[in-house]
Visitor: 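First the structure, which I've put down as C-alpha cells, then a few questions once you've had a look.
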Amino acid sequence: MSASVTTNALSAPSSSNRSSERMHAAAIAAARRSRGFQRPLGSDNDPLKISEYFGCNTFSFDLMEKKLRAVEVSRLKEYATSGESLPRDLADLVANAVKEWAVSKGATHYCHWFQPQTGATAEKHDSFFSFDSKGGAVERFTGKELIQSEPDASSFPSGGRRSTFEARGYTVWDASSPMFLMQTEQGMTLCIPSLFISYSGEALDQKTPLLKSLSALNRRACEALHLLGHDDVKYCVATAGPEQEYFVVDDSLGALRPDLVLAGRTLLGRNPPRGQQLEDHYFGSIKPRVLSFMMECEQELYKLGVPCKTRHNEVAPNQCEIAPIFEFANVAADHNQLVMEVLKSVGKRHHLTVLFHEKPFAGINGSGKHVNWAIADSNGHNMLEPGDNPSDNIRFLYFLAATIKAIHDHGAMMRMAIASAGNDFRLGANEAPPAIMSVFLGETLDEVLNKLTDGRGGALTERQREINLDLARVPVISRDNTDRNRTSPFAFTGNKFEFRAVGSSASISPSLTFLNAAAADALEVMNAELRRRGGDRPSAEHILALIQETVKATKKIRFEGNGYSNEWHQEAESRGLPNLRTTPEALKVLNQKTTQDMLERLGILGKEESSARYNVFVERYNKIRLIELETLLEMVSTQVLPAVESQISNQAAAVDACTRTLAKTPKAVASRLEGLVGLYGNLVEETSHLQALLGTTASIHDEEILAAKLAGDGMAMMERVRKVSDELELLVDDSLWSLPKYRELLYIL
Ligand code: ADP
Ligand code: MG
C-alpha cells in the first residue's frame with residue numbers, strides 16, 4: 001500500500017451520503033496495515049527483555065526497599081495486610097519516596113484511582129506542583145494527600161446511600177496494591193489504587209467489599225488449617241487469574257454504528273453467509289494488525305507490572321483473548337481493570353475499537369471472562385492442589401468440599417454476582433454455561449468423592465491412578481487427567497476452580513467478593529461442626545467423616561454432563577437448582593434477608609450497603625436497556641426506514657418500467673415489491689410499538705417494576721424489531737444501507 005493511497009483513503013469522504021460513508025469506511029479499514037506504533041523497548045539491535053522492564057512503572061515493595069529503610073518497609077507491609085490506616089509519619093515517608101520516584105520518571109500529577117459501582121475505574125488528578133513558604137515553585141506530596149482524597153462524589157451511583165446534601169465520598173489508599181504510573185504521549189500520572197467510601201464509612205465501590213471478603217476468607221481458612229494441624233500458617237489469600245475475551249473492529253466502521261458507540265453491541269445486523277461455522281478462527285494465526293496491537297498492549301501492561309502470559313484468537317472472527325499469570329485476588333482485580341483500559345487506549349492508536357460486551361454480535365459467540373480462583377496460604381501452598389501425602393490430601397479434600405458446599409449453599413448468590421444486562425444474552429446461549437449454577441469436578445475427582453461417600457474406600461480403577469486409600473481412607477489424588485468440560489459455569493481444572501460464567505465487561509471484583517463470601521461461610525459452618533465433634537485437635541477420622549457428609553449433602557450441585565443441553569435444564573429443575581434467567585430476577589437475591597444477614601455476619605457488606613448495591617444494580621440494568629431501546633428507535637427511524645423507503649421508490653419505478661415495457665406486470669416482480677412493502681409495514685408498526693413502550697416506561701417510577709418490564713416486554717420488543725430489520729437488510733440495495741454490516745465488522749481487519 002503506497003503512502004499516497006493510504007493518505008487518500010484516510011481523508012474525509014467526498015459525499016455526505018451516509019451509505020457512501022460506510023463504503024468509504026470499509027475502504028479505510030481494508031487499507032489499514034499494521035504500522036510501527038510504539039516500538040519495542042530498547043534499541044532495534046538490542047531490544048529489552050520483558051524481565052528487564054517488567055514493573056518499571058510500578059512502585060513495588062522492592063522499589064520501596066531501595067527508597068525507604070527496612071524497618072519502615074516492614075511496618076508498611078504490616079499495615080498493608082492488616083487493613084488498618086497508616087500512621088502519619090509513615091505515610092509522609094512513603095509519600096515523599098513515591099513522589100521522588102514518580103517525578104524523576106516524568107510524572108507531574110497524581111490521582112486516586114478507584115472503582116465506583118459502574119464497573120469501570122475513576123480518577124481525579126491533582127498536580128504535585130505547589131509553592132513553598134517563600135513562594136518558590138516546588139513539587140510536593142504529603143502523607144495526607146497519599147492516604148486520602150475527597151473527590152466531589154455526588155455523581156457516582158450510591159443506591160441511595162448519600163443524599164445530595166451529604167454527598168461527600170472519600171478515596172482511601174489501598175496499600176495492598178502497588179501504585180503505578182499511567183503513561184500518555186504527554187507524560188506520566190501517578191495512580192494510587194484506592195477504596196471509595198462514604199462520609200460514614202460505607203462502601204461506594206467494588207474494591208472495599210472485595211478486601212473485606214478476602215479478610216473474611218482469610219480468617220475461616222486459617223481457622224480450618226489450624227484445626228487440620230497446619231499451625232504454622234499465618235494467613236490465607238484468594239488467588240485469581242482472569243482470562244479476558246474481547247472483540248476488535250476497525251474504528252472507522254465501528255464509528256458508523258450508533259449501537260456500537262452507545263450500547264457497545266449491535267442491535268441490528270444480519271448474519272453474513274460466513275460466520276464462525278468454518279471454525280478456523282479459534283487459535284488461528286493472528287492477523288498482523290491485531291498481533292501488533294496485542295504486542296503493544298502487552299508492552300504497556302508489562303511496564304505496569306501486569307504479568308500477561310497468553311494471547312490467542314478465540315472462536316468468533318475478530319475475537320481474541322488475553323490471560324495473565326494469576327496473582328492475589330485484590331491485585332488481580334486491579335490488573336484486570338488495567339488490562340481493559342490498556343486494550344481500549346492502545347486500540348485507539350491502532351484504529352481499533354475494542355468491544356468488551358458479552359454479546360456484541362447476535363448469532364456469533366459472545367465474550368466471557370473465566371475467573372480462575374484458588375486459595376493460597378502463607379507457606380505458598382495451594383489449598384486446591386491435590387497433594388502427595390495423606391495430610392496434604394485431607395487439606396485438599398476439606399477445601400474442595402467447602403468450595404462445593406459454597407456453590408451448593410449460595411448458587412443463587414453466585415448467579416447474582418455475574419448478573420448484568422449484557423451477560424443475559426450470553427448465559428444459556430450456545431457458547432456459555434446456562435444461568436443454573438453447578439460444579440464440575442472431572443471424572444477422576446468425581447469418582448474419588450463418590451467412593452469416599454459410599455464408604456467403600458479402596459478399589460479405584462487403574463486408570464484413575466489412585467493409591468493408598470487405606471491410609472486413614474485418604475486417597476492420594478492424581479492431578480487433573482480428565483477432559484475439560486467447557487459447559488460448566490464452575491469447573492475444577494486441576495488445582496483451581498474456573499468460574500466461567502463471568503461476563504467479559506464486568507469487573508472481577510463482585511464475582512470474587514461473593515465467591516470468597518460463599519467459601520468463607522461454608523468453611524465457617526464446617527469448622528464449627530468439626531470443632532464441636534473433635535475440639536481443637538480433631539482426628540483424621542473426624543475430618544474425613546465431615547468431608548464425606550459435606551460431599552454427600554451437596555451432591556445435587558455437582559454435574560458432569562453437558563450444561564448446554566435441554567436435558568440439563570429439566571434435570572436441574574428436578575434437583576431444585578435455581579435457574580434465574582434474567583438479571584432483575586437474579587439480583588433479587590442481594591435484597592433477601594438471608595443473603596444480607598450472611599454478608600453482614602462475615603463483615604463484607606452491611607445490610608444497608610447490600611440494599612444500596614441492589615438499587616444500584618437494578619438502576620444500572622434499567623439504564624442500559626433504555627439506552628438500547630432509544631438507540632434502536634433512533635437507528636430504525638433515521639437509518640433503516642429511510643433506506644427502505646428509497647428502496648421502495650426505486651423498486652416501484654422499476655416495476656412501472658417493466659409494466660410499461662411489457663404492457664403487464666410480471667407476477668414475480670410484483671410480489672418482490674409486495675414482500676418489501678409488507679416488511680416495511682411491519683417495521684413501521686413495530687417501531688410505533690417501540691415508541692409506545694418507551695412512552696410507558698417513562699411513567700414507571702418503581703425501578704423494580706421497570707426492570708421487570710424491560711426484561712420482559714423490552715427484550716421481546718428489541719427482538720421483534722431486529723427480526724424485521726434484519727430481513728430487510730437482505731432486500732435493500734447495499735449502497736443505500738448506511739450501517740456497516742456484519743461481514744465488514746467481522747471480516748475486514
Ligand atoms: P485455560 O484456557 O486452559 O483455562 P489459561 O492458561 O488460559 O488456561 O488460563 C488459566 C488461568 O488460570 C491463568 O491466568 C493462570 O495463571 C490461572 N491460574 C493457574 N493457577 C491458579 C491458581 N492457583 N489460582 C488462580 N488462578 C490460577
Ligand atoms: Mg480457561
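Both ligands and their constituent atoms are indexed starting at 1 by order of listing.
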Visitor: Check the side chains of Gln319 and Asn365 for a donor-acceptor pair under 3.5 angstrom, ignoring hydrogens and angles.
Guide: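 Distance-only check fails for Asn365 and Gln319.
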Visitor: At a 4.0 Å threshold, what atoms of ligand 1 neighbour a non-hydrogen atom of Ala374?
Guide: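 Those of ligand 1 that fall under 4.0 Å from Ala374 are 22 (C), 23 (N), 24 (N).
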Visitor: Using distance alone, determine whether Phe326 and ligand 1 share an N or O pair under 3.5 Å.
Guide: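 Yes, since at least one N or O of Phe326 sits under 3.5 Å from an N or O of ligand 1.
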Visitor: Apply salt bridge (Lys or Arg N to Asp or Glu O under 4.0 Å) to residues Glu245 and Lys369 and explain how you reach the verdict.
Guide: CA-CA 6 Å; Glu245 293 178 344; Lys369 182 139 48 188; over 6 Å; no
Visitor: Once you restrict to heavy atoms under 4.0 Å, what part of Thr239 touches ligand 1? Side chain, backbone, both or neither.
Guide: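 Both of them.
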Visitor: Quick one: does Thr493 get a heavy atom under 4.0 Å from ligand 1?
Guide: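 So Thr493 does not count as touching ligand 1.
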Visitor: Does the N or O separation between Thr310 and ligand 1 drop below 3.5 Å for any pair?
Guide: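 Not met; the criterion fails.
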Visitor: For Ile325, take its heavy atoms, then give the atoms of ligand 1 lying under 4.0 Å from any of them.
Guide: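 The list of qualifying atoms is 16 (O).
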Visitor: For atom 17 (C) of ligand 1, which of the options Ile375, Ile322, Asn372 provides the nearest non-hydrogen atom?
Guide: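 Result: the heavy atom closest to atom 17 (C) of ligand 1 is in Asn372.
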Visitor: Do the side chains of Glu341 and Lys344 get close enough for a salt bridge, i.e. N-O under 4.0 angstrom?
Guide: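 No, no charged N to carboxylate O under 4.0 Å.
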Visitor: Should Trp373 be counted as touching ligand 1, given the test is an N or O pair under 3.5 Å?
Guide: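 It does not: no N or O of Trp373 is found under 3.5 Å from an N or O of ligand 1.
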Visitor: Between Glu498 and ligand 1, which residue portion shows a heavy-atom distance shorter than 4.0 Å: side chain, backbone, both, or neither?
Guide: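 Answer for Glu498: side chain.
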Visitor: Are more than 12 heavy atoms from other residues, nucleotides or ligands located less than 6.0 Å from atom CZ of Arg311?
Guide: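 Yes - once you tally the heavy atoms of other residues, nucleotides and ligands closer than 6.0 Å, there are more than 12.
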Visitor: Which of the atoms of ligand 1 are close to Asn382, meaning less than 4.0 Å from one of its heavy atoms?
Guide: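 Near Asn382, the atoms of ligand 1 are 23 (N).
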Visitor: Ring-plane angle category for Phe180 and Trp113, please: parallel below 30°, perpendicular beyond 60°, tilted otherwise.
Guide: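 If you compare the ring of Phe180 with that of Trp113, the planes turn out perpendicular.
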Visitor: What pairs with Ala401 under side-chain contact (heavy atoms from CB on, under 4.5 Å), at least two apart in sequence or on another chain?
Guide: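 side-chain contact (heavy atoms from CB on, under 4.5 Å) list for Ala401, sorted by chain: Met526, Ile547, Thr550, Val551.
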Visitor: Can you check which of Ala323, Ala329, Pro324 brings a heavy atom nearest to atom 14 (O) of ligand 1?
Guide: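 The residue whose heavy atom sits nearest atom 14 (O) of ligand 1 is Pro324.
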Visitor: For Phe247 and Phe361, take the angle between the two ring planes, folded into 0 to 90°, and tell me which bin it lands in: parallel under 30, tilted 30 to 60, perpendicular over 60.
Guide: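 Ring orientation, 0 to 90° scale: perpendicular.
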Visitor: If the threshold is 4.0 Å, N to carboxylate O, is there a salt bridge linking Arg415 and Asp424?
Guide: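 Counted as a salt bridge, because a side-chain N and a carboxylate O are separated by less than 4.0 Å.
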